Amino acid sequence: FLRMLEKGLVYKKTGTVNWDPVDQTVLANEQVIDGRGWRTGALVEKREIPMYYMAITQYADELLAALDTLPGWPERVKTMQANWIGKSTGVRLAFPYRLTDKVNSSHLPSQGEGRDGGGVSTTGLLWAFTTRPDTIMGVTFCAVAAEHPLAAYAAKKNPALAAFIDECKRGSVIEADLATMEKKGLATGFFVEHPLSGEKIEVWVGNYVLWGYGDGAVMGVPAHDERDFAFAKKYHLDIKPVIDVDNKTYSTDAWQAWYAEHGRCVNSGNYDGLDYRAAVNAIAADLAGKGLGEKQIMWRLRDWGISRQRYWGTPIPIVHCAKCGDVPVPDDQLPVVLPEDCVLDGSGNPLAKRADFVNCSCPKCGQPAKRETDTMDTFVDSSWYYTRFACADQTAAMVDERVNYWLPVDQYIGGIEHAILHLLYSRFWTKVMRDLGLVKLDEPFARLLTQGMVLNEIFFRKPDAGRVTYYNPAEIEIGLDANGKRTDTTLKADGQPVQSDGIGTMSKSKNNGVDPQSLIEEYGADTARLFMMFASAPEDTLLWNDAGVEGASRFLKRLWSYCEKFDGRRRDGGAKIAPELKKAALFEVHSVLKQANHDFERHQFNTVASAAMKMLNALDRVDGVDADMEECLGILLRILAPLTPHIAHQLWRDLGYGEDVLAAAWPAVDETALVQDEIELVLQVNGKLRGNMRVAKDADRAQIEQLAMQNVNVQKHIGGQPVKKVVVVPGRLVNVVV
RNA sequence: GCCGGGAUGGCGGAACUGGUAGACGCACGGGACUCAAAAUCCCGCGCCAGCAAUGGUGUGGGGGUUCGAUUCCCCCUCCCGGCACCA
């Protein structure tokens, strides 16, 4: 943190948070989304507070480009990250304005870096970013965020506007909430100039314009932007089409998807007839010539606000001194240690109430000072814990040389819910550690497996006042009627009803997790493992239900008793095995092995489990022991070892295959066992299954076709109609088209 | 709302490159064993009609491409994950 601070990769600025005005605390997202009475009656307000930020945007380019260097990552995760980083190219342009009365600088608060520094002057520029500069001649309004200085300026003599701005400053800052809320706006009565036409354009305040993205202002082109279209319809603003797509006819009655497509400029003066590319270039050049715009790359990714008003994060090592300002805690006074007897009462940051923690002296001047009480987002810790695993005993440094030997992590496994935040922060942090000379890696995780979510039903009660209580599904009694339909849900403990909140991810906060310990105690670890692996492939979401666990248990018991029987037959000298039975068993075991190998590679362990079951079924059909059967059982135990290591290890040993099943070579598919003299072909008429037939494995096309046409069922369904075509798929089917 | 993923019997799921939909299990029904039960073993099991042979129908809904679509294309519905302070 301190090295990043020195390099400008950590900086301080104000950030917007959800604020609980009753308890005077920062609300967690969950408390806002849930809205289920964590703080009853609380309104959510937006509030600006000072925060420390990590400059992840400085790495946006590399984080995006390096996704191509990660072949071991699932495509869907890479797509999500690319969208999240959100590189878009467009034009940043300015609408000049002139203030109609004399103002001083306090009317136009500082707007931060890169923004319109309107300041004391009576002329200014309203900056906005667009990805569709080709539609610039269709601008009929501009909209600014409620926090924008021009909004504040216009509100000075407009109480209605001031009230609206106030209203906008209430409500959640969560992106999902902003996107779904009703789009509202209010005209300011203030006008700016169109940068190319000079036309007067009215400025509106819109609750959907984000102060945190770009310049906090957008140009409104209702004709070609769906959101602007809806806004213009609602407030009866002009809709001016300026793009023609394949001579389609534009109508302002209702939005059509093609309105947003690229096309040729029309109704755009000098730019008429230009296609998208040409128009963007021409318009960008004209704007640049006037000093009112330029091409720009915009990123969706924002810098990472790491300050949290929580107890349980890493303390931010800063001391606030009245004289010296924010002073970093010197290295020899690190680490800042949290008090271990804090009372977590849910109201605000408990650290702030601890005078013994807060009061300190300034490391610079020695005068009394206040310690920073915000802690770091715990994502900070999860961004680099794995580097410590490579050098856990290192106490003198953050990491040492061994990291470069062990990392990157060969196979990382985590829930798909981490696809963006954790996995992006970790990538960022790795690159920062590299640039600080701490590691020699570009990426932390070579291969990634993202588990699907395990879901379970959520049950809760909400008392009239106070917090929601969540109950574990194990504590719930579900009443069913004669048709198996649910009638009621009650808590076993008191027989009183509870409500269902549907299905959701297992989580501590929703108390809908399942403890595998009870399964392990009842059935053993192997059964618990086999059951869970058999339930679905690891990347799929799964609704938890332990109804099938008996099947896994039964299989392992069957395996055990088969092995005892097998060993007994060995001692008895083994009966003669019918050759066709043995051939069938070998064919089954080896073709299943082939499938299982493929499934292992693609991490589809549920079908590996079913492969083991199929093998046991095949072996059980043969009553006798010989070298081939010995080999087949060995194959079964070997492929089972990764799924149920304990029983596989024990049986492997007991049957004398060797010491350690996991050390044994992986079995090879015997291709000769897969050769069949005859193969079965499916017979279809007009694509419908009408029977099947056996043919020699080397039968040629003509023979197959002839045999198929002779088939009774085929003839019956042809019914004397002329045959148009016969499709023969070798090894699979014959389809007669009539 | 945006981004990502998904939907197949009563249930979990299978079907690798478009080629027998429902593998393997669970549940259920029938039978064997047992005084009885449990455990175990055998048989059946998408839906509709039929004693059966068999026929029709069927992979969330609608359309398309194809000799043939769970698989490819277009549109829609619903569900799950993420949306930056749950971590």
Side-chain angles (χ1 to χ4, degrees), chain A residues 15 17-18 26-34 51 56 74-77 79-80 82-84 86 173-181 183 208 212 227 300-310 312-313 377-379 381-382 415-422 424-425 450 452-453 455 484 502-505 507-510 531 534-537 539-543 545 547-552 554-555 557-558 561 592 594-595 598-599 602 604 606-607 609-614 617 680-689 691-692 724-727 729 731-733 735-738:
Chain A
V17 291
N18 285 315
V26 175
L27 285 164
N29 266 2
E30 201 179 32
Q31 296 169 304
V32 176
I33 294 167
D34 255 3
M51 283 176 68
I56 190 170
E75 281 308 318
R76 63 164 157 160
V77 173
T79 306
M80 280 191 255
N83 289 337
W84 184 259
V173 298
I174 299 167
E175 188 189 300
D177 294 343
L178 295 171
T180 49
M181 73 189 178
K183 309 281 181 287
Y208 64 96
R227 207 167 44 178
R300 209 187 81 94
L301 184 68
R302 307 199 297 264
D303 276 344
W304 175 17
I306 59 153
S307 297
R308 298 289 181 274
Q309 300 70 40
R310 304 257 185 233
W312 53 77
D377 184 356
T378 54
F379 270 131
D381 307 281
S382 60
I416 184 66
E417 77 275 22
H418 292 301
I420 294 170
L421 297 181
H422 165 58
L424 191 66
Y425 292 144
T450 46
M453 308 305 307
L455 311 176
I503 307 292
T505 317
S507 71
K508 262 184 256 178
S509 61
K510 297 283 166 77
F531 161 65
F534 187 53
S536 75
E539 302 216 324
D540 295 345
T541 50
L542 172 72
L543 179 54
N545 179 355
V549 70
E550 283 293 341
R554 210 171 288 160
F555 168 72
K557 285 186 202 155
R558 263 186 74 207
S561 62
V592 166
K594 194 171 187 172
Q595 181 65 51
H598 180 249
D599 292 341
R602 55 181 180 146
Q604 192 173 288
N606 54 333
T607 48
S610 86
M613 291 171 183
K614 283 185 198 174
N617 290 344
E680 192 169 88
L681 290 184
V682 165
L683 298 173
Q684 296 182 334
V685 177
N686 286 345
K688 288 198 180 200
L689 177 67
N692 45 45
K724 280 196 206 154
K725 185 174 173 181
V726 179
V727 181
V729 182
R732 291 219 179 253
L733 57 74
N735 185 18
V736 181
V737 186
V738 296

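Since this is a predicted model, take the numbers as computed values, not measurements. So that the names make sense, note that chain A is the first sequence line, chain B the second, and so on, each numbered from 1.
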Looking at every strand, decide which applies to A:R76 at a 4.0 Å heavy-atom threshold: base, sugar-phosphate, or nothing.
-> sugar-phosphate
Taking the inter-plane angle between the rings of A:Y425 and A:W304 on a 0 to 90° scale, is it parallel (under 30°), tilted (30 to 60°) or perpendicular (over 60°)?
-> parallel
If you measure from the C1' atom in B:U71 to the same atom in B:C3, how many Å do you get, rounded?
-> 25 Å
Can you name the salt bridge (charged side-chain N to carboxylate O under 4.0 Å, His left out) partners of A:E680, sequence neighbours left out?
-> A:R694
Work out which heavy atom in A:V173 is nearest to a heavy atom in A:L178; give both atom names and the distance.
-> O-CD1, 3.8 Å
Interface polar pairs with nucleotides 47-50 of chain B, N/O, under 3.5 angstrom:
none

Could you tell me the separation between the CE atom of A:M181 and the C1' atom of B:C2, rounded to a whole number of Å?
-> 14 Å
Considering only atom P, compute the distance from B:G22 to B:C47 and round it to an integer number of Å.
-> 14 Å
Minimum heavy-atom distance between A:V738 and A:V685, given as atom pair plus value | CG2-CG1, 4.4 Å
Using atom types as modelled and distance alone, determine if a side-chain donor or acceptor of A:N686 lies under 3.5 Å from a backbone N or O of A:V737.
-> no
Any side-chain N or O of A:R302 under 4.0 Å from OP1/OP2 of B:A84?
-> no
Considering only nitrogen or oxygen atoms on both sides, find all protein atoms under 3.5 Å from nucleotides 77-82 of chain B and state each distance.
residue, atom, partner, partner atom, Å
B:C80, OP1, A:I503, O, 3.4
B:G81, OP1, A:T505, N, 3.1
B:G81, OP1, A:T505, OG1, 2.7

What pattern of brackets, bars and dots sums up RNA chain B from 5' to 3', given Watson-Crick or G-U wobble pairs under 3.5 Å, [ ] for crossing pairs and | for another strand?
-> (((((((..(((......[....))).(((((.......))))).((((....))))..(((((..]....))))))))))))....
Send over the distance from A:I174 CD1 to B:C2 P, rounded to a whole Å.
-> 18 Å
Residue list, side-chain hydrogen bond (donor to acceptor under 3.5 Å, both in side chains) with A:N83, at least two apart or on another chain | none
Rounded to whole Å, CG of A:D540 lies from P of B:G5 at a distance of 13 Å
Where do N or O atoms of nucleotides 70-73 of chain B meet protein N or O atoms at under 3.5 Å, pair by pair?
none

Could you pull out the closest heavy-atom pair between A:K510 and A:S507, with the gap in Å?
-> N-OG, 3.2 Å
Across all chains, not counting sequence neighbours, the salt bridge (charged side-chain N to carboxylate O under 4.0 Å, His left out) partners of A:E175 are A:R300
In whole angstroms, how far is the P atom of B:C85 from the CG atom of A:D381?
-> 15 Å
To the nearest Å, give me how far apart CG (A:N83) and P (B:G1) are.
-> 17 Å
d(CG, A:L683; P, B:U54) in whole Å | 14 Å
Base, sugar-phosphate, or nothing: which does A:K557 touch, judged by heavy atoms less than 4.0 Å apart?
-> nothing
Hey, does A:T79 reach any base, or is it just sugar-phosphate, or nothing, if we go heavy atoms under 4.0 Å?
-> sugar-phosphate
Measure the shortest side-chain to side-chain distance between A:I56 and A:L301 over non-hydrogen atoms and say whether it is less than 4.5 angstrom.
-> yes
Within less than 4.0 Å of OP1 or OP2 of B:G68, is there a side-chain N or O belonging to A:K725?
-> no
For A:A535, report the nucleic acid contact type (base, sugar-phosphate, nothing); a contact means any heavy atom under 4.0 Å.
-> sugar-phosphate
Given the P atoms of B:U70 and B:U77, what is the spacing between them in whole Å?
-> 23 Å
B:A27 versus B:C35 - spacing of their P atoms, nearest Å = 26 Å
A:L542 atom CG is separated from B:C26 atom P, nearest whole Å, by 17 Å
Taking for each residue the nucleotide of RNA chain B with the nearest heavy atom, is it A:V736 or A:R310 whose nucleotide lies nearer the 5' end?
-> A:V736
For A:D303, check salt bridge (charged side-chain N to carboxylate O under 4.0 Å, His left out) against everything at least two apart and list the hits.
-> none
How long is the line joining CG of A:L543 and P of B:G12, in whole Å?
-> 8 Å
Take atom C1' in B:C42 and the same atom in B:G60, then report the distance between them in whole Å.
-> 38 Å
About how many Å separate CG of A:N735 and CG of A:L683, when rounded to the nearest 0.5 Å?
-> 10.0 Å
Distance, C1' atom - from B:U34 to B:U40, rounded to whole angstrom = 12 Å
Taking atom NZ of A:K594 as the centre, does the number of heavy atoms from other residues, nucleotides or ligands within less than 6.0 Å exceed 12?
-> no
Across all chains, not counting sequence neighbours, the side-chain hydrogen bond (donor to acceptor under 3.5 Å, both in side chains) partners of A:S307 are none
Syn/anti state of B:G9 by chi, 90° boundary around 0 = syn
Rounded to whole angstrom, note down the C1' distance from B:C72 over to B:U17.
-> 13 Å
Kindly give the heavy-atom pair with the smallest separation between A:G305 and A:M51, and that separation in Å.
-> CA-CE, 3.7 Å
Salt bridge (charged side-chain N to carboxylate O under 4.0 Å, His left out) partners for A:R558, two or more places apart = A:D620
Sugar-phosphate atoms are those with a prime plus P, OP1 and OP2; base atoms are the rest. Using that split, label each nucleotide of nucleotides 15-25 of chain B B, S or - for protein heavy atoms under 4.0 Å, 5' to 3'.
-> SB--BB--BBS
Looking only at heavy atoms, which two atoms of A:T450 and A:P74 are closest? And how far apart?
-> OG1-CG, 3.9 Å
For A:T505 and A:M453, which heavy atoms make the closest approach, and how far apart are they?
-> CG2-CE, 2.9 Å
Nearest-nucleotide comparison on RNA chain B, the residue closer to the 5′ end among A:E539 and A:W312 | A:E539
In whole angstrom, give me the gap between the C1' atoms of B:G68 and B:A21.
-> 14 Å
Just jot down the side-chain hydrogen bond (donor to acceptor under 3.5 Å, both in side chains) partners of A:D599, sequence neighbours excluded, or say none.
-> A:Q595, A:R602, A:T607
